[in-house]
Amino acid sequence: MRDDIKIRVENLTMGYGEVILQQDISFSVRKGEVTVIMGPSGCGKSTLFRHMLGLQEPISGKVYYDDTCFTDSELPTRQSILRRCGVLYQSGALWSSMTVGENVALPLSEFTDNPDNEIARIVDEKLTMVGLKGLEKKYPAELSGGMRKRAGLARAIALNPEILFFDEPSAGLDPVTSYKLDQTILELKKHLGTTIIMVTHELPSIFTVADQSVYLDPDERRMTAMGNPHDLIRNPPNESVKAFLTRNNTEMISK
Ligand code: ADP
């Protein structure tokens, strides 16, 4: 695989039981870029996300990480690939009975031999990066929705992942909070060089963070557009992606 390609999805067909949701999806995720998986609700974005993380198996097709075929790999190889990935699920998925600090420390105590003081230092560093410095003693229920997402983000970056996966990070957030979260995501990309895959249907996020995007068409059940969203809105390859990208006030969102 080319050096600048981190993940390659090749001819992926996915579905549930007899129902084919999307077929023959192929795209590459470039190193150090944000790739957005976009499309209307129900088109299969989260399902694709789960396939890329091995949480669901394809009907056919493959997912490669660097030169390794993830889809064909046995569990130990999959686990070592997944250890290079951080994941932020929609809900933030924090343990409610643990403090924010304990949540962020969890992957560190599980996967490293770091002593407690080093873990505490890393927890402080990650919470600072996401704008939650000093809040390690709080419980998730004491935080706002946006802060919970940030805490989930701190946990996702605890092990310095090469690759970060976000499933609808702005879901349930007001526009200002969502904008701030997008800016934090861009800072992580800039400062850590992280490769990012994000599922979203939110136009402001798409136009702010995406270097690359793939569009899943719910009617055709295949990927019908790929590229930088600003290029796609200028030269839409089909009506479906055009309608999707222009469904709000485009002056606000197109730079
Ligand atoms: P998106 O993330 O684009 O909103 P999803 O990937 O969540 O879409 O879901 C795509 C479609 O697959 C939806 O129509 C949904 O009803 C269906 N679906 C999702 N999960 C399951 C499941 N576990 N079993 C059967 N159908 C499912």
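One is the number of the first residue; the rest follow in order along the sequence. Given the structure is predicted, the values throughout are model-derived calculations rather than measurements. All ligand and atom numbering here is 1-based and tracks the order in the structure.
By heavy-atom distance, the residue among Gly42, Ser46, Gly17 lying nearest atom 4 (O) of ligand 1 is Gly42.
Assignment of Gly39 to the shell around ligand 1 is not supported, since no heavy atom sits closer than 4.0 Å.
Judged by distance alone, the side chains of Tyr139 and Ser97 never bring a donor and an acceptor atom under 3.5 Å apart. Between Glu57 and His51, the side chains place no donor N or O within less than 3.5 Å of an acceptor N or O (distance only, hydrogens not considered). No donor-acceptor contact under 3.5 angstrom links the side chains of Lys242 and Asn235, judged on distance only. For the residue pair Ser205/Tyr179, the side-chain donor-acceptor check at 3.5 Å is not satisfied.
In this structure, atom 19 (C) of ligand 1 has a protein heavy-atom contact shorter than 4.0 Å. At least one protein heavy atom sits closer than 4.0 Å to atom 8 (O) of ligand 1.
Salt bridge absent: Asp211 and Arg30 never bring a charged side-chain N and a carboxylate O closer than 4.0 Å.
For the pair Arg78 and Phe70, the cation sits on the ring face: its NZ or CZ lies under 6.0 Å from the ring centre, inside 45° of the axis.
Of the polar atoms of Leu21, none of the N or O atoms is found under 3.5 Å from an N or O of ligand 1, judged by distance alone.
Nearest to atom 12 (O) of ligand 1 among the protein's heavy atoms is Tyr16 CE1, 3.3 Å. Of the protein's heavy atoms, Thr47 OG1, 3.6 Å lies nearest to atom 5 (P) of ligand 1.
Each of the following atoms of ligand 1 lies closer than 4.0 Å to a heavy atom of Lys45: 1 (P), 2 (O), 3 (O), 4 (O), 6 (O), 8 (O).
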